[in-house]
2 protein chains.
Amino acid sequence: MSVHSGTSASGPGVEPGDDVAGGPGGSDHPAAPAVGRATITDVARVAGVSVATVSKVVNGRYGVAAATAERVLGVVEELGYESSLVARSLRRRQTNVIGVLVAEFEPFSTELLKGISAAINGTGYELLAYCGDAGRTDHVGWERRSLSRLAGTLIDGVVIVTPTLALPEHDGVPVVAIDPHTGPTGPATVDSDNLGGARMATEHLIGLGHTRIGYLGGRADLESARLRELGFREAMEAAGLTPDPDLVLEGGYRPDRSDRPTHDLLERPDRPTAVFAANDLSAIHVIQVAQELGLRVPEDLSVIGFDDVPEAAASTPPLTTIAQSLHEMGAEALRMVISMLESDATQPRHTRLPTRLVERASTAPPAA
Amino acid sequence: MSVHSGTSASGPGVEPGDDVAGGPGGSDHPAAPAVGRATITDVARVAGVSVATVSKVVNGRYGVAAATAERVLGVVEELGYESSLVARSLRRRQTNVIGVLVAEFEPFSTELLKGISAAINGTGYELLAYCGDAGRTDHVGWERRSLSRLAGTLIDGVVIVTPTLALPEHDGVPVVAIDPHTGPTGPATVDSDNLGGARMATEHLIGLGHTRIGYLGGRADLESARLRELGFREAMEAAGLTPDPDLVLEGGYRPDRSDRPTHDLLERPDRPTAVFAANDLSAIHVIQVAQELGLRVPEDLSVIGFDDVPEAAASTPPLTTIAQSLHEMGAEALRMVISMLESDATQPRHTRLPTRLVERASTAPPAA
DNA sequence: TTGAAAGCGCTAACAG
DNA sequence: CTGTTAGCGCTTTCAA
């Protein structure tokens, strides 16, 4: 024994002499907790009952004398005791908390979170948003790791945002993927009409008179990115236009990863007159790079994005984009998880929400 | 084909039907876990070693034969094993995860979250944002409950957003409060120059020529709300104006709670020509109510907010507001938690960040 | 009505 | 080098 603090540590509200209810035969317990939260053991000791009794009282089980219950409750109050989520969930099979797994808290995932948060109201569940190994966000499989670490113990069900892998259909807990890796197959999913939205975006540009249009794609492993590119190509071809292969680049949905391709796009002599970026964040970055390069948006370059996160309206100029119902997607994913939790209807469902064009100021006819 | 159990059952709890792999001798093919995540016990069983050995291998401890380690690692891979955060954190004293406690995921807290998420990059910590009893968000003391449930077991340190109570100075884990209840005292805090910002907002309105100005206050229990109202009053008085008591109402920082007072403000015959709302969300709601009432913003009514969340720029018309450095506040809070974690410098620090006026289109001189 | 004891999955002493 | 053992805080039989 080395670094133990003294015997007479006084916990919350426990007097030094308060050596209450030692074990049978006079094993001298140290007094209350030296520091930190009170545990069920502290409550039991101070109340002079067993931990089992405290547990029963706290959980409202029957078979405890009214007087005892009252005394225990008093101590609970006095010590500010609250049961540890961790210990409780290790023992029980249910925690009443829904997890949301994200690679990062950025505008897309936080919009989803707002929708989920609003929808959880009144359901009796709590929300736990987890962001595993931040920084290595490109690390494929982050969601498998997070899932394994949390599922089955901490959380009863889970919403995974933009998973990098096809998820196991059944990992013990209900799983719903938003903007999934594989498209509508495997586990339950919620996504948008990416194909239609991308067509709409491209048609908007074409309708404005653009013919030389660049495409800055998203994360190659995501179904949404695949469909958006497809929608772009389809709309181009439908208009009799052939996408210039040099003008179709990948930006990974992220400003940092789209910086290079954006420069490549805008610095070429025969640069496009318009760019369709696969999400708002990279579209906003395109606007910034264009402006640094001395190009005016939309006079010299039209830019359209995808998502309609609040930041889109806040950019200068405000970004024309394809809106997804982000809040609704989050709310729907939550509803699905809860319904999977509460019924045995294990048929994985796939919900697809509509998209719509939001015209703001970043697009205009090409310069004459 | 058939799997026989080894000579020695691995203890009580093994059901007759359980597939138990042979002990260190039986080289039958491994029995996979029945369902759900694989536990350390599954790995040990399949690899034919003890759980202690698996633990050592997984945690990179010394004293394991290379061959054994390799075999274990193989099984870990095969089973997709990942240690349970819950079980691990119950045993260890450190989890490497920082908690963020919020009452709700709304624009203010999610902006903070974005800043925290960006700042955690490369620190080696993970992020866990927790939203306890959603729905009863006005329940005073939600943060005490969440803190007790998580601190000491699940999280090493915590950032609390807009706590409803004075927090205990030391609850076992480092605590930093953003937009605190008590102002710069007690635990470490991060906030903005609320007083100066509110003055700036009011002066902006006065500078435009408004004299009849309404004030829609924030959550009475928050220091920020107190200071913003004070700043409003000070600026009014400094300009020789006396705030009409009928025009100073409380909106609780929330659209739902500010709806009534907003109507009260705008439906009176002698309604103000301008309103300063204590945060953006209620300011945006003021704009909506005004428009429903047939008032034009800013021609008939000027509106200014506070916070500069992305939604402010997205409103119609775009909201003039006082910007706080929300991302920076989150990042700073995280830095403080981590530094408290890694040093013994327990002197609670208080960081106050500047605010600035962002003029957009919701304010203009009063109609002649 | 109460408490002793087992055990959730894991780590850390300490033996062999 | 490896396994046995003891618990982290809690819930839950099962006996007393």
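Here is the naming used below: chain letters follow the sequence lines, and residue numbers restart at 1 for every chain. Keep in mind that this is a model prediction, so the values were computed, not measured.
Remark: A/A52 pairs with A/S50 by the side chain to side chain contact (heavy atoms under 4.5 Å, CB included) rule, at least two apart or across chains. Residues satisfying the side chain to side chain contact (heavy atoms under 4.5 Å, CB included) test with B/S146, not counting sequence neighbours, are B/L101, B/Y130, B/W142. For B/R335, the salt bridge (Lys or Arg N to Asp or Glu O under 4.0 Å) partners two or more places apart in sequence, or in a different chain, are B/E328, B/E332. Remark: B/T68 pairs with no residue by the side chain to side chain donor-acceptor pair (under 3.5 Å) rule, at least two apart or across chains. Qualifying side chain to side chain donor-acceptor pair (under 3.5 Å) partners for B/S89, counting only residues two or more places apart in sequence or in other chains: none. A/S109 is linked by a side chain to side chain contact (heavy atoms under 4.5 Å, CB included) to A/V102, A/E106, A/V161, counting only residues two or more places apart in sequence or in another chain. A/R88 meets the side chain to side chain donor-acceptor pair (under 3.5 Å) test with A/N59, A/S83; sequence neighbours excluded.
Using a 4.0 Å cutoff on non-hydrogen atoms, the parts of residues 55-63 of chain A near DNA chain D are A/S55, A/N59, A/R61, ordered by number. For DNA chain D, the residues of residues 64-75 of chain B within the heavy-atom distance limit of 4.0 Å (strictly under) are B/V64, B/A65, B/T68, sorted by number.
Between the side chain of A/R71 and the backbone N or O of A/A47, at least one donor-acceptor pair lies under 3.5 Å. Side-chain atoms of A/N121 do not come within 3.5 Å of backbone N or O of A/A118 as any donor-acceptor pair. Within the 3.5 Å criterion, the main-chain N or O of B/G141 finds a donor-acceptor partner in the side chain of B/T164.
Atom-to-atom, CZ of B/R92 to P of C/dG9 comes out at 18 Å; the value is rounded to the nearest Å. Computed from coordinates, the A/Y81 OH to D/dT11 P distance equals 6 Å when rounded to whole Å. The CG-C1' distance, from A/L154 to C/dC8, rounds to 13 Å in whole Å. Counting to the nearest Å, the P atom of D/dG9 and the CG atom of A/D42 are 8 Å from each other. Rounded to whole Å, atom C1' of D/dC10 lies 16 Å from atom CD of A/Q94. Atom CG of B/L90 is separated from atom C1' of C/dA12 by 14 Å (rounded to the nearest Å). Distance, B/R88 CZ to D/dG9 P: 18 Å, rounded to whole Å. D/dT12 atom P lies 11 Å from atom CD1 of A/I40, rounded to whole Å.
Note that CD1 of B/I155 is 8.0 Å distant from OG1 of B/T153, once rounded to the nearest 0.5 Å. B/H181 NE2 to B/E143 CD: the interatomic distance, rounded to the nearest 0.5 Å, is 8.5 Å.
Residue B/T39 has no polar side-chain atom (N or O) positioned under 4.0 Å from OP1 or OP2 of C/dG9. Distances shorter than 4.0 Å separate some side-chain N or O of B/S50 from OP1 or OP2 on D/dG3.
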Yes or no on side-chain hydrogen bond (donor to acceptor under 3.5 Å, both in side chains) for A/R144 and A/S148, after CA distance, side-chain angles and deciding distance?
CA-CA 6 Å; A/R144 254 217 41 73; A/S148 285; 3.3 Å; yes
Between the protein and nucleotides 5-7 of chain D, are there any N/O to N/O pairs under 3.5 Å, and if so, what are the atom names and distances?
residue: D/dG7; atom: N2; partner: B/R91; partner atom: NE; Å: 3.1
residue: D/dG7; atom: N2; partner: B/R91; partner atom: NH1; Å: 2.9
residue: D/dG7; atom: N3; partner: B/R91; partner atom: NH1; Å: 3.4

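Rounded to 10°, the angle separating the first-five-pair axis and the last-five-pair axis of the helix from C/dT1-D/dA16 to C/dG16-D/dC1 equals 50°.
Counting non-hydrogen atoms under 4.0 angstrom, B/V49 reaches the backbone sugars and phosphates but no base.
For the side-chain hydrogen bond (donor to acceptor under 3.5 Å, both in side chains) condition, the pairs that include at least one residue of residues 94-103 of chain B, sequence neighbours left out, are B/T95-B/D156.
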